[in-house]
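Encoded as structure tokens, the structure appears first; notes follow it.
No hydrogens, no waters, no symmetry mates; every other heavy atom, side chains included, goes into these values.
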Amino acid sequence: MHAFRSHTCGELRSSDVGSTVKLSGWVHRKREHANALFIDLRDHYGISQVVVYPTAEFYEAAKRCPSESVITVTGEVLARDAEAVNKELDTGDVEMRAETFLIESQADPLPLPVFGEQEYPEEIRLKHRYLDLRRDTLHKNIIMRGQVINSLRSRMIAQGFTEFQTPILTASSPEGARDFLVPSRQNPGKFYALPQAPQQFKQLLMVAGFDRYFQIAPCFRDEDARADRSPGEFYQLDMEMSFVTQEDVFNTIEPVMAGVFEEFGGGKAVTAPFPRIPYKESMEKYGSDKPDLRIPFELSDVSEFFLDESKTGFGIFAKITKGGGKVIAIPAPGATDNQSRKFFDSLDKWAKKEMQAPGLGYARLKEEGGAVVSQDPALKNFEPELLKALLEKMGLKAGDGVFFSAGKKNDAYKLAGAARNKVAADLDLIDEDAGFKFCWVVDYPMYEWDEDNKKVDFSHNPFSMPQAPEGKSAMDVLLEADTDAKKLDILAYQYDIVCNGIELSSGAIRNHKADVMYKAFEIAGYGPEVVDDKFAGMINAFKFGAPPHGGIAPGVDRMVMLLAGTDTIRDVILFPMNGQAQDLMMNAPAEVDASALKELNIKTVPVAPKD
RNA sequence: GCGGGUGUAGCUCAGUUGGUUAGAGCGCUGGCCUGUCACGCCAGAGGCCGCGGGUUCGAGUCCCGUCACUCGCGCCA
């Protein structure tokens with residue numbers, strides 16, 4: 001017989017009754033009874049019940065064997081009595097009577113119980129990640145992650161893509177985040193950057209004629225963490241294809257995404273086809289370029305209703321709208337009927353505190369004398385006709401509530417978008433059974449106004465191809481943009497995939513023409529030397545015959561997160577870092593020996609004390 | 001960098017208006033129990049109430065500071 005096992009702990013069935021087997025695994029749970037000690041023995045595959053009788057010479061040892069110790073037992077498989085069958089277990093029809101018992105590795109008292117589904121502090125979970133990973137949910141998530149990646153690979157290969165490995169030690173890439181830098185020993189004073197994405201490499205692969213590239217690509221960005229963004233590193237299904245339009249990229253990747261979500265989504269509905277929402281429309285309806293389409297209401301721009309203070313009796317919004325600002329309304333269906341004033345106040349408080357906004361106005365709508373009215377300040381003194389028109393525009397009725405986000409256009413929409421999500425969550429209006437609501441967000445602007453530097457700058461990926469109407473070239477469009485306003489009107493072949501309010505990926509048809517590239521950078525205030533210096537590899541390549549090409553890069557971690565039904569990205573990553581970008585298990589980052597620094601020609605300076 | 005929340009037993013949490021010896025469940029240790037499967041029952045051990053300072057006759061509780069974790073903003077496809 002094998003040294004450790006003849007069967008796994010998930011394998012035994014009635015058909016094995018009578019045979020002698022050997023099992024190894026972790027002591028999941030023990031139940032001591034007067035006549036018998038029951039041990040739930042667990043491995044990767046499942047749980048089997050092992051019975052130890054007091055007559056066994058190892059009874060005391062088994063009884064004292066701590067939870068999560070690793071043991072090897074041999075014994076006969078017995079059928080359970082009908083009333084003793086456990087239908088919860090695949091192996092519940094049988095049990096094993098232990099005839100030998102060996103502790104392979106005894107466990108100390110646990111900092112984190114493996115049994116059960118209770119929640120535990122992140123710090124302990126991360127420090128003892130190997131214990132956390134033994135737990136059922138996390139264990140299954142990680143397995144699914146592997147299966148999802150496998151499925152993504154198969155689907156891409158089936159469409160004629162080839163997987164390539166691009167360099168990890170490379171030069172700074174253009175994604176706009178902070179780089180992780182790696183000092184070069186052989187080139188003192190110089191640094192590699194870890195790739196924020198294999199952006200330039202994949203485009204170079206197109207120039208090299210490979211036609212269809214993909215990679216489960218590690219990406220590195222030195223930015224602060226969020227619940228859905230782990231610090232430092234993440235994986236993308238990075239892909240690029242030649243001689244394609246935006247439509248071709250959509251037709252290629254949409255079935256991959258939909259297919260994987262159907263395969264692993266546990267039967268939940270998957271949107272098909274993905275609706276396409278222009279960026280501008282997405283901002284106006286949802287206050288975000290990552291709309292959660294499960295939420296059954298949209299924003300309205302109600303600025304015009306507040307322009308004339310004499311008709312509204314509400315000076316604050318009149319002042320804001322006259323100054324070019326916006327008032328954006330967020331419906332709260334049923335909130336007046338179902339919620340107390342505290343709910344409305346709490347959202348205002350949330351806006352002030354968490355969103356650091358001036359506040360969130362609100363009005364509760366009630367029936368009075370056949371009309372819908374509100375006693376709250378924002379709408380209290382409205383002219384009846386104007387109020388009626390406002391409510392009609394928004395589709396609001398008595399019993400509903402409405403919030404108002406007011407301020408500069410971008411600020412107002414941003415708060416409104418966040419408020420839409422919060423109102424929906426607080427009122428429990430997000431239909432969790434709606435499944436996976438995908439959409440494409442398209443027609444991103446090429447440029448945006450950089451308030452800090454008072455200039456036009458790239459809004460997203462600078463390598464996107466500007467959109468041009470029929471009969472005009474991208475160069476024509478750029479040349480005609482002789483004012484800031486016109487520059488800001490230029491759209492790009494840039495797109496995102498969003499699912500349930502989570503941004504899964506972004507991509508673009510690339511700008512493969514060197515002259516258009518220089519011009520695009522010039523508009524954003526960068527001279528040709530910037531392009532030549534920062535993006536040398538790519539711009540040089542474009543001078544020797546570059547195919548039109550485009551691609552996209554869906555985030556693998558976020559896909560798995562959605563499929564696993566968690567809103568914490570750490571739940572789908574094997575060994576995540578904490579919010580401060582520290583690996584508590586491996587103690588990284590860490591100081592290094594002086595000799596190592598010397599070899600790298602690096603000196604560290606003390607952190608300046610805080611004032 | 002900024003803001004919110006949290007911090008009490010190994011873990012999850014309660015702890016009222018500032019008032020006697022800080023509690024419960026899980027886990028752990030010991031005992032009991034004729035078959036459990038979240039077994040049950042009895043007993044026990046286990047506390048720098050995050051840390052430092054202050055107010056007070058008296059602080060887990062109030063005030064100030066600080067640290068840690070976490071969520072969000074900034075940042076970031």
Side-chain angles (χ1 to χ4, degrees), chain A residues 28-41 47-51 53-54 63-64 66-68 78 80-89 91-92 95 97 108-128 131 173-179 196-197 199 219-232 234 236 238 289-290 349-357 411 414-415 418 421-422 441 444 452 459-461 464 494-498 502-508 552-555 558 567-568 570 578-580 582 584 610:
Chain A
H28 187 60
R29 198 95 171 132
K30 289 183 303 185
R31 291 172 297 279
E32 190 202 0
H33 234 272
N35 256 5
L37 172 68
F38 299 98
I39 298 173
D40 290 338
L41 192 63
I47 287 178
S48 283
Q49 177 162 282
V50 174
V51 198
Y53 289 103
K63 182 176 151 184
R64 314 234 173 263
S67 284
E68 294 306 310
L78 306 174
R80 297 203 201 181
D81 293 341
E83 60 270 23
V85 164
N86 184 348
K87 292 195 171 61
E88 302 293 310
L89 288 180
T91 60
E95 64 190 13
R97 183 183 62 217
D108 282 346
L110 298 168
L112 170 79
V114 171
F115 172 80
E117 286 299 313
Q118 202 172 346
E119 290 186 37
Y120 298 96
E122 285 294 326
E123 197 174 358
I124 291 173
R125 294 181 59 187
L126 293 177
K127 185 168 182 182
H128 302 282
L131 290 179
S173 56
E175 309 300 304
R178 219 174 274 118
D179 282 319
Q196 296 182 27
Q199 182 67 33
C219 304
F220 305 89
R221 290 174 194 170
D222 186 7
E223 298 295 348
D224 288 352
R226 291 286 185 276
D228 65 350
R229 190 172 84 201
S230 70
F234 61 97
Q236 291 182 336
D238 194 41
D289 63 350
K290 36 183 183 180
K349 205 184 268 177
W350 161 84
K352 288 185 170 104
K353 280 188 173 172
E354 287 201 39
M355 299 301 291
Q356 291 164 31
D411 296 343
K414 186 178 176 81
L415 175 61
N421 289 339
K422 184 159 175 65
V441 177
Y444 274 79
D452 290 341
S459 71
H460 291 84
N461 188 327
S464 304
Q494 166 98 32
Y495 36 82
D496 276 10
I497 293 177
V498 175
I502 303 263
E503 176 196 313
L504 280 183
S505 72
S506 69
I552 194 163
R558 286 187 180 170
D567 50 13
T568 308
R570 290 185 294 271
N578 71 1
Q580 283 70 247
Q582 298 159 339
L584 297 175
K610 285 184 196 170

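The base-pairing partner of B/rC62, taking Watson-Crick or G-U wobble contacts with both distances under 3.5 Å, is B/rG54. Summarising the base pairing, B/rA24 is matched to B/rU12 through a Watson-Crick or G-U wobble pair whose two defining distances lie under 3.5 Å. Summarising the base pairing, B/rG5 is matched to B/rC69 through a Watson-Crick or G-U wobble pair whose two defining distances lie under 3.5 Å. Pairing for B/rG40 is with B/rC32, a Watson-Crick or G-U wobble pair whose two hydrogen-bonding atom distances lie under 3.5 Å.
With both ends at atom C1', the span from B/rG46 to B/rG10 equals 9 Å, rounded to whole Å. Rounded to the nearest Å, the gap between the C1' atom of B/rA22 and that of B/rC13 is 14 Å. For B/rG58 and B/rC32, the C1' atoms lie 45 Å apart once the distance is rounded to whole Å. Atom C1' of B/rA43 sits at a distance of 15 Å from the matching atom of B/rC33, rounded to the whole Å. With C1' as the reference atom, B/rG40 and B/rU34 are 13 Å apart, rounded to whole Å. Comparing the P positions of B/rU20 and B/rC67 gives an interatomic distance of 33 Å, to the nearest angstrom. When the P atom is used for both B/rA45 and B/rU29, the distance is 16 Å, rounded to whole Å. Nucleotides B/rU61 and B/rA14 have their C1' atoms positioned 13 Å apart, rounded to a whole Å.
Following rounding to the nearest Å, A/Leu112 (CG) and B/rG27 (P) show an atom-to-atom distance of 15 Å. To the nearest angstrom, P of B/rG10 lies 14 Å from NZ of A/Lys127. Following rounding to the nearest Å, A/Asn421 (CG) and B/rC73 (C1') show an atom-to-atom distance of 15 Å. The CD1-P distance, from A/Ile124 to B/rG50, rounds to 15 Å in whole Å. Atoms CZ (A/Arg178) and C1' (B/rC76) sit 9 Å apart, rounded to a whole Å. Following rounding to the nearest Å, A/Lys349 (NZ) and B/rG4 (C1') show an atom-to-atom distance of 11 Å. Atom-to-atom, CD of A/Glu32 to P of B/rC41 comes out at 15 Å; the value is rounded to the nearest Å. For the pair A/Glu123 CD and B/rC71 P, the computed distance is 13 Å after rounding to whole Å.
Contact annotation: A/Gln582 does not reach the phosphate of B/rA68 (side-chain N/O to OP1 or OP2, under 4.0 Å). Contact annotation: A/Arg31 reaches the phosphate of B/rC39 (side-chain N/O to OP1 or OP2, under 4.0 Å). Side-chain nitrogen and oxygen atoms of A/Asn35 include none within less than 4.0 Å of the OP1 or OP2 phosphate oxygen of B/rC33.
The residue A/Lys422 sits apart from the nucleic acid: no heavy atom pair falls under 4.0 Å. Counting non-hydrogen atoms under 4.0 angstrom, A/Glu122 reaches the backbone sugars and phosphates but no base. Across all strands shown, A/Asn578 has heavy atoms under 4.0 Å from sugar-phosphate atoms exclusively, and none from any base. Note on A/Arg64: only backbone sugar-phosphate atoms sit closer than 4.0 angstrom, heavy atoms only; bases stay farther off. Within 4.0 Å of A/Pro113, counting heavy atoms only, lies no atom of the nucleic acid at all. Here A/Tyr120 lies in heavy-atom contact (under 4.0 Å) with sugar-phosphate atoms only. Nucleic acid contact for A/Tyr444: base, since at least one base atom lies under 4.0 Å from a heavy atom of the residue. Among the heavy atoms of the strands, none lies under 4.0 Å from A/Arg558. If you check every strand for non-hydrogen atoms under 4.0 Å, A/Glu88 touches nothing. Backbone-only engagement by A/Ala227 is indicated by non-hydrogen atom pairs under 4.0 Å involving sugar-phosphate atoms exclusively. Heavy atoms of A/Pro121 sit under 4.0 angstrom from primed sugar atoms or phosphate atoms, though from no base atom.
The shortest side-chain heavy-atom distance between A/Asp496 and A/Tyr444 falls under the 4.5 Å cut-off. At a threshold of 4.5 Å between non-hydrogen side-chain atoms, the residues A/Glu122 and A/Asn578 do not count as touching.
In the set B/rC11, B/rG1, B/rU34, B/rG1 carries the atom at the smallest distance from any side-chain atom of A/Asp224. Side chain of A/Phe115, nearest nucleotide from B/rU36, B/rA38, B/rG31: B/rA38. Comparing B/rA38, B/rC69, B/rC71 by their closest approach to the side chain of A/Arg29 singles out B/rA38. Comparing B/rU36, B/rU70, B/rG74 by their nearest atom to the side chain of A/Arg226 picks out B/rG74. Among the nucleotides B/rU12, B/rU70, B/rC37, the one closest to any side-chain atom of A/Gln580 is B/rU70.
Between the side chain of A/Arg229 and the base of B/rC76, a donor-acceptor pair under 3.5 Å is found. Within 3.5 Å, a donor on the side chain of A/Arg80 pairs with an acceptor on the base of B/rC37, or the reverse.
Expressed to the nearest 0.5 Å, how far CD of A/Gln49 lies from CZ of A/Arg29 amounts to 13.0 Å. One finds the CD1 atom of A/Ile497 at 4.0 Å from the OG atom of A/Ser505 (value rounded to the nearest 0.5 Å). Atom CD of A/Gln196 sits about 10.5 Å away from atom CZ of A/Arg178, to the nearest 0.5 Å.
Remark: A/Arg31 engages A/Asp40 in a salt bridge, criterion side-chain N to carboxylate O under 4.0 Å.
Residue order along RNA chain B, read from the 5' end via each residue's closest nucleotide, puts A/Thr568 first among A/Thr568 and A/Glu503. Closest-nucleotide positions on RNA chain B for A/Asp496 and A/Lys352 were compared, and the one nearer the 5' end corresponds to A/Lys352.
In this structure, A/Asn86 contributes its side chain and A/Glu88 its backbone to a donor-acceptor pair below 3.5 Å. Panel note: side chain A/Tyr495, backbone A/Ser506; no donor-acceptor pair is recorded below 3.5 Å. A donor-acceptor distance shorter than 3.5 angstrom exists from the side chain of A/Arg229 to the backbone of A/Asp224, with no hydrogens or angles considered.
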